[in-house]
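Numbered from 1 within each chain, the chains take letters A, B, ... in sequence-line order. The analysis underlying the following values was restricted to heavy atoms, covering all of them including side chains, and did not include hydrogens, waters or symmetry mates.
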Number of protein chains: 2
Amino acid sequence: MRAVPSSPDTLLEGHRPGRVPRAVRSEQLLGVADRLFAERSFHGASMDELARRAGVSKPVIYDHFGSKEQLFATCVRRTGEALAEQVRTAVRKESEPRARLRAGSIAYFRFLAEQMQAWAVLFDAQEGGDARFAAEAARIRHRQSELMIDLMAESAGTEAGHEGRAMLEAMTLAIAGAYESLSLWWREHPEVPPEQLADWILDLLWPGLEGLMTQLAASR
Amino acid sequence: MRAVPSSPDTLLEGHRPGRVPRAVRSEQLLGVADRLFAERSFHGASMDELARRAGVSKPVIYDHFGSKEQLFATCVRRTGEALAEQVRTAVRKESEPRARLRAGSIAYFRFLAEQMQAWAVLFDAQEGGDARFAAEAARIRHRQSELMIDLMAESAGTEAGHEGRAMLEAMTLAIAGAYESLSLWWREHPEVPPEQLADWILDLLWPGLEGLMTQLAASR
DNA sequence: CACGGTAACCTACCATAAGTAGCCTACTGA
DNA sequence: TCAGTAGGCTACTTATGGTAGGTTACCGTG
């Protein structure tokens with residue numbers, strides 16, 4: 001075999017076929033992996049296919065990412081960060097707590113709608129099955145909700161002490177879980193607009209959230 | 001080889017070693033599988049080890065359950081049903097909506113506390129990784145929350161129509177997701193008592209929930 | 001302008017674990 | 001007594017994550 005390294009999946013400018021600088025290769029591999037995981041989900045994606053699609057041999061991938069799980073974790077983390085960034089930006093455009101939460105929620109669902117692909121990577125992970133990225137998934141969820149709460153608190157000036165700390169963390173995660181599940185439901189009902197989803201979940205969460213915040217502010 | 005089938009994991013009365021009626025073997029296998037999945041999580045558990053522990057050969061397991069995933073799904077479903085039963089019973093002991101939700105929540109967390117093992121089976125699934133039991137997990141989550149809402153509605157006499165239907169379903173799932181995430185958090189903070197968890201999440205969800213219910217009742 | 005060192009890659013292989021084909025054997029009822 | 005069958009077993013195949021060890025293009029230096 002070993003014919004001309006026939007144009008791989010993604011054409012990188014410059015470095016014709018083979019031989020590409022490490023950073024570039026990494027990026028390319030992550031891109032291909034993102035797509036692959038998105039369409040086949042973690043378990044269904046094989047490293048052999050990934051290698052084939054990337055026009056590269058398996059050891060190259062292992063040299064870059066160590067293991068399938070690490071590669072997956074990296075993909076998830078990147079997507080999670082992009083999502084967080086979107087939300088953060090949207091939230092910062094508003095000043096009133098409820099408006100901020102609403103804006104953040106809409107941004108969140110919009111991101112999912114645009115990046116169904118990335119979305120799949122993010123959530124099939126937890127659904128998907130192995131308990132292996134629990135850590136990664138949890139971290140994302142954690143950061144996501146912490147972000148929203150923090151951003152809300154920005155305007156409320158709350159900073160809970162002792163006991164309230166645990167509660168805040170727990171509630172934060174619970175909320176993130178609610179968003180996650182709702183996102184899953186949305187997959188089967190894509191006709192519902194993001195704003196609608198946001199309004200629903202705000203109606204559900206906001207009253208209690210407001211109560212918790214004033215309660216925290218009082219006991220500080 | 002083929003020595004005396006040396007006492008397997010679980011001694012079944014009657015049928016000494018080998019040869020056991022189908023139903024009994026099924027039950028025994030499910031028991032061993034429950035424990036195995038609980039300690040090793042789906043991916044980490046191998047069918048070879050399961051067979052070894054059960055004192056049986058692999059094809060027997062496949063004859064009973066078809067595949068590792070089906071076996072796992074069965075375990076999850078059973079546990080989910082047990083959980084639902086606990087919750088249902090607890091909820092029925094109260095009559096006021098809020099009290100019912102609280103009782104259900106406490107029962108939910110108590111179940112998890114007592115059955116950490118079963119719990120692991122239920123939730124590592126989603127975390128765990130493969131997107132393969134998504135269906136099963138979703139179904140459980142769905143039923144779980146539907147149950148709680150239905151039981152609450154029992155006393156409120158609400159039965160939404162058209163549009164509200166979708167919202168109710170979505171919110172129902174969101175709530176289940178919140179409980180799930182909270183349960184995950186609880187694993188790292190077992191010192192918090194179930195009642196405390198219940199109160200926290202009630203403070204978070206109840207106000208909005210009440211609002212949604214009256215809103216539905218009005219638009220009916 | 002050789003030329004040694006290293007970064008980027010590859011071929012071939014191993015190990016594990018899911019799942020299967022085909023045979024054997026203890027019990028049951030006629 | 002003796003089929004017929006439910007309950008089991010051994011021994012394989014296949015798929016796939018992961019690795020050992022060698023090969024070639026590139027680049028800075030004497």
Side-chain angles (χ1 to χ4, degrees), chain A residues 1-6 8-9 12 14-29 32-33 36-37 40-75 128-130 132-133, chain B residues 1-9 12 14-29 32-33 36-37 40-74 128-130 132-133:
Chain A
M1 289 304 139
R2 192 66 182 293
V4 184
S6 62
D9 195 56
L12 287 317
H15 333 264
R16 253 355 143 276
R19 234 32 76 120
V20 152
R22 192 176 179 79
V24 177
R25 181 65 75 193
S26 267
E27 207 52 40
Q28 178 222 3
L29 289 177
V32 180
L36 217 190
F37 282 134
R40 295 253 206 286
S41 192
F42 181 79
H43 178 77
S46 89
M47 296 301 263
D48 284 284
E49 178 165 5
L50 173 55
R52 203 169 44 69
R53 285 205 199 182
V56 106
S57 75
K58 253 196 312 179
V60 171
I61 302 173
Y62 281 89
D63 182 49
H64 279 254
F65 303 103
S67 74
K68 189 183 182 182
E69 279 153 48
Q70 278 179 50
L71 169 60
F72 183 76
T74 304
C75 289
D130 278 281
R132 294 177 273 186
F133 355 83
Chain B
M1 290 303 142
R2 192 61 183 295
V4 185
S6 60
S7 92
D9 195 56
L12 287 315
H15 335 263
R16 256 348 146 276
R19 224 59 42 141
V20 152
R22 192 174 180 83
V24 177
R25 177 106 308 159
S26 267
E27 206 52 40
Q28 178 220 3
L29 289 177
V32 179
L36 217 191
F37 281 135
R40 295 254 206 287
S41 192
F42 181 80
H43 178 78
S46 90
M47 295 303 262
D48 285 283
E49 179 165 4
L50 173 56
R52 203 169 44 66
R53 285 206 200 182
V56 108
S57 77
K58 252 196 314 177
V60 171
I61 302 173
Y62 281 89
D63 181 48
H64 279 253
F65 302 103
S67 76
K68 188 183 183 183
E69 279 153 48
Q70 279 180 48
L71 170 60
F72 184 75
T74 304
D130 276 283
R132 293 177 274 185
F133 356 84

Of all the heavy-atom pairs spanning B:Leu36 and B:Ser46, show the shortest one and how long it is. CD1-O, 4.1 Å
Kindly point out which of [options] is positioned nearest to the side chain of [X]?
X       : options                : answer
B:Arg19 : C:dT25, C:dG19, C:dC10 : C:dT25
B:Val60 : D:dG18, C:dA18, D:dG8  : D:dG8
B:Ser57 : D:dG17, D:dG8, C:dA18  : D:dG8

Would you mind reading off the distance between [X] atom [atom1] and [N] atom [atom2], rounded to a whole angstrom?
X       : N      : atom1 : atom2 : value
A:Glu49 : D:dT16 : CD    : P     : 9 Å
B:Phe65 : C:dA18 : CZ    : P     : 15 Å
A:Ile61 : C:dC9  : CD1   : P     : 11 Å
B:Phe37 : C:dA17 : CZ    : P     : 14 Å
A:Leu29 : C:dC9  : CG    : C1'   : 12 Å
A:Glu69 : D:dG17 : CD    : P     : 10 Å
A:Tyr62 : D:dG18 : OH    : C1'   : 5 Å
A:Phe72 : D:dG18 : CZ    : C1'   : 19 Å

Within the structure shown, what part of the strands sits under 4.0 Å from A:Ala51 by heavy-atom distance: base, sugar-phosphate, or nothing? nothing
When we call it a touch if two heavy atoms are under 4.0 Å apart, what does B:Ser46 touch: a base, just sugar-phosphate, or nothing? sugar-phosphate
For A:Gly66 and A:Asp48, find the nucleotide of DNA chain D closest to each by heavy atoms; which residue's nucleotide sits nearer the 5' end? A:Asp48
How are the rings of B:Phe42 and B:Phe37 set relative to one another: parallel (under 30°), tilted (30 to 60°) or perpendicular (over 60°)? parallel
Would you say C:dC9 has OP1 or OP2 under 4.0 Å from some side-chain N or O of A:Arg25? yes
Gap between atom CZ of B:Arg19 and atom CZ of B:Arg25 - 0.5 Å precision: 10.0 Å
Can you measure from CE (A:Met47) to NZ (A:Lys68) and round to the nearest 0.5 angstrom? 7.5 Å
Can you say whether a donor on the side chain of B:Arg22 sits under 3.5 Å from an acceptor on the base of D:dA6, or the other way round? no
On a plain distance test, is the side chain of B:Lys58 in donor-acceptor contact with the base of C:dG19 below 3.5 Å? yes
Answer yes or no: is there an ion pair linking A:Arg22 with A:Asp63, defined by an N-O contact shorter than 4.0 Å? yes
